[in-house]
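Report on the structure given below.
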Amino acid sequence: MIDFQHFTLANGLQVYLHQDTSTQMCAFNLLYNVGSRDENPEKTGFAHLFEHLMFGGSQNVPDYDIALQNAGGENNAFTSPDITNYYITLPANNIETAFWLESDRMLGLSFDPKVLEVQRKVVIEEFKQRYLNQPYGDVWLKLRPLAYQNHPYRWATIGKDISHIEDATMEDVKAFFYKFYVPQNAILSIAGNISLEETKRLTEKWFGDIPAGERYIRNLPQEPLQTSARTHTTYANVPSDAIYIAFHSPKKTDIDYNASDLLSDVLGRGKSSRLYQRLVKENPLFASLGAYVTGSVDNGLFVVSGTLNENVKMEIAEQEIMKILNEITKNPVSDIELEKVKNKTESTIAFSEVELLNRAMNIAFWANVGNAQGINEEMQAIQKVTKNDILEAANKILLPHKVNILYYKKQNAIL
Amino acid sequence: MLNRTLAPESKPLTHIDIPQMQSIALNNHHKLHFFEAKFTQVLKLELYWQAGTIFETTPQLANFTAKMLTEGTEKYSAQEIISQIDQYGAFIETNGGLERVSITIYTLTKHFEKVLVWVKEIITNSNFPENEWLNLQQITRQNLRINLQKNNYQVGNHFKKIIYGENHPFGKYLTEENLDFINQKHLKDFFEVFIQNKPIEAILVGNFGENGEKNALNIIKSFLEDLPTNTQNIRPKYETETPKAQIFHVEKADALQSSLRMGQVLFSKKHEDYSALMILNEIFGGYFGSRLMKNIREDKGYTYGIHSQFVTLRDMGYWAVSADVKKEFLQNTFSEIDKEADMLKQDLVSDAELQTVKQYMLGAFAGSLNTPFDVAETFKAIYFLDLDYNFYDKYLDTIRNITPSQVRDIAQKYLHTDNWVKVSVG
């Protein structure tokens, strides 16, 4: 059970506090409700590029990092299709520094052209390091546009193409900032050794006078129901073939989400899962094989992916996976399997809550999808999932005529 | 009116409380180290045997022996074992490190005793079934081929070989030839000689649960007391020759980036200059605000990240810089690294910069003591090197008291990048 208290400033900033007096630290997590799904299709990769610019100085603080380090703090940030999240851990007696720094960034950035020039280069190197210069690094650059035709999940957070990052202008930067980086579009979550009174005082003091800004009403193009199977074949210089099979699946807040998550666990989480036992161990067609759901805020994907062993034919590999997926739509999972995946989830949640920062982050995440108590209700909801719920989920999700398959083949296969 | 240009006063961390593990020596050579944290519902158990890379005759034999521990015993198949452990929602990891082989269990406290039954089964009765080894061999071969396509994996191999020397077990790396060479008997022998019935260092942290017989501490004690032991393995000795400065490059025409690693062999944590060197390392390339990050990433944009790290082992250590950089700027990056090193040898760091680093390091240290898992890490980092908690007092004292001229002295003594090995791929 993660206890927390909640209040909202007049300008719309939502604040959550999880007090933990057993530590001398605080975790300070500021979530902005903007991700790559909110980007213009012609200017993708922008939410993430913007995250880099947030470290290039704000109106009154020329160097964010030095100021934070002086207070003994560490920080980082990440951008996903759904959110941009900034977090700090620092000694509790220096928590005011976090309020000062983050409120100043929300108030306004330096908009220094040199910062844009350098971070543009850094992000391009990040694009190369993580997506282009790694075997299989570009899978999601190819799988997303196959699985999503209309919804902005069709591009990756890093962007569709390096050129979008190369072409970003300072006008784009400013427009993005004033649209999304406003109190009404942010959630502050603090975990650690600080009282509610002190949290209120500091939030009022530092964030209270920031103008509310205009409310962002999200109105994204929705994904039409898929009517036929789609496949794409790509060739790259990799040592072995790989297959990525994606079905549309419920969003994180959907009533059916937990069943879809447990279904993916039965099929492909860990070495005792069906796919691993059958196709890595008993009939070793794959060197690695797993299944998972993306758990996104809009409708997500149910993904089965694996790398094939040498001399295994792609068609055979696909067929064998499909056989196992088909079985699970016909017969309910066993009691033992159901208990196992519930136990796994229970222990995963319990382990993730040990870390202070995770507690702050998870509260912010749940608050952002509209139900902060979700953090404490999740496990109960999972316990209630029945074998029949999983069977129904399988029949709704694992539809062969609504599949998206990316065949990732090694280059020399075509030579 | 709020003055936003003024930083709130930051208070130095004058006192950092380091939670300490407790240790018990059991009468049969096993040792138990523990720390209880009531606020969790979980436990982490680690078992260590002195049986790592240093004992092996073929690269990765210790690691493969560790990986195979969960793959079958006389009575149970790999599937039965992993299904049982998974059934309780527990996670098991096995690992072969440089000095030690280890098993780590993550479990809900309420399932600890049931999971431990399976731990006992594998550490006493593992029998390394041939079909499972062939399967692991196949998977490893494929992963190795993938890894060999990664520049930073290759650079790590070449760097290791040069730094430790080809004759030292730490300098050897996995190839398809030596993967094919290992057979079931090698694994079984390694297990029987170095792991089975050998002294265990057990580390237990988390919530121990209710008092009495079912208390996790009592359970692990009787678990260890029931395991027979014979004498500890004798660690082989190897001389490490100090590598001469050399430049080694593997060209890859189609690479978008080059991975680089440069470094030098130095001392272990027991050396009197260790703490001062850690501070110098932090300034040089240890944290986000370091000289290297400021120059190579934040000023020039050659890279997504560049880091220096001082790594210490049992008897030695090495200092290394690593980065993935835009290919055309590889040489510039090398010379900028030299330039930054020269500046640290010539000029005093400013009081402000040193103050920032000190505050950052103290804060980061305090932040690394937050969870029971952190408490175990802090303990292992000294215990396995025969150091005690006084080590941290000295470390923190050095951070608090070091002066700019002492930082420069340390740079002049050790930061000779012209003598460093320089390896790059891409």
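Residue numbers start from 1 in every chain, and the chains themselves are labelled A, B, ... in the order their sequence lines are given, proteins ahead of strands. Values in this document were obtained by computation on a predicted structure and should not be read as measured data.
Of the two parts of B/K358, neither the backbone nor the side chain holds a non-hydrogen atom closer than 4.5 Å to a non-hydrogen atom of chain A. Looking at A/K205, both its backbone and its side chain come within 4.5 Å of chain B, counting heavy atoms on both sides. Contacts of B/T40 with chain A are made by side-chain atoms alone, with heavy-atom separations under 4.5 Å and no backbone atom involved. Heavy-atom distances place the side chain of B/E71, and not its backbone, under 4.5 Å from chain A. With a 4.5 angstrom heavy-atom cutoff, A/D63 touches chain B only via side-chain atoms. Using a 4.5 Å cut-off between heavy atoms, B/T107 contacts chain A through its backbone alone, with no side-chain atom that close. Using a 4.5 Å cut-off between heavy atoms, A/T307 touches chain B through backbone and side chain atoms alike. Of the two parts of B/L148, neither the backbone nor the side chain holds a non-hydrogen atom closer than 4.5 Å to a non-hydrogen atom of chain A. For a residue to count as touching a neighbouring chain, one of its non-hydrogen atoms must lie under 4.5 Å from one of that chain's; by this rule B/K327 does not touch chain A. Heavy atoms of B/Q257 lying under 4.5 Å from chain A belong to its backbone as well as its side chain.
With respect to the salt-bridge test (charged N to carboxylate O, under 4.0 angstrom), the residues B/E132 and A/K281 qualify. Using a 4.0 Å cut-off between charged nitrogen and carboxylate oxygen, A/K271 and B/D86 do not count as a salt-bridge pair. With respect to the salt-bridge test (charged N to carboxylate O, under 4.0 angstrom), the residues B/K11 and A/E96 do not qualify. Ion pairing between A/R130 and B/D324 fails under the 4.0 Å rule for side-chain N and carboxylate O.
Note: B/Y106 and A/F351 have perpendicular aromatic rings, judged against thresholds of 30 and 60 degrees for the angle between ring planes.
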Inset, instruction - May I have the step-by-step check of salt bridge (charged side-chain N to carboxylate O under 4.0 Å, His left out) for B/E298 and A/K121, ending in yes or no? - result: CA-CA 10 Å; B/E298 294 296 298; A/K121 286 190 210 167; over 6 Å; no
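With B/Q149 contributing its side chain and A/N237 its backbone, the two residues share a donor-acceptor pair below 3.5 Å.
Inter-residue side-chain proximity for B/L13 and A/Q24 is flagged as met; some heavy-atom pair is nearer than 4.5 Å.
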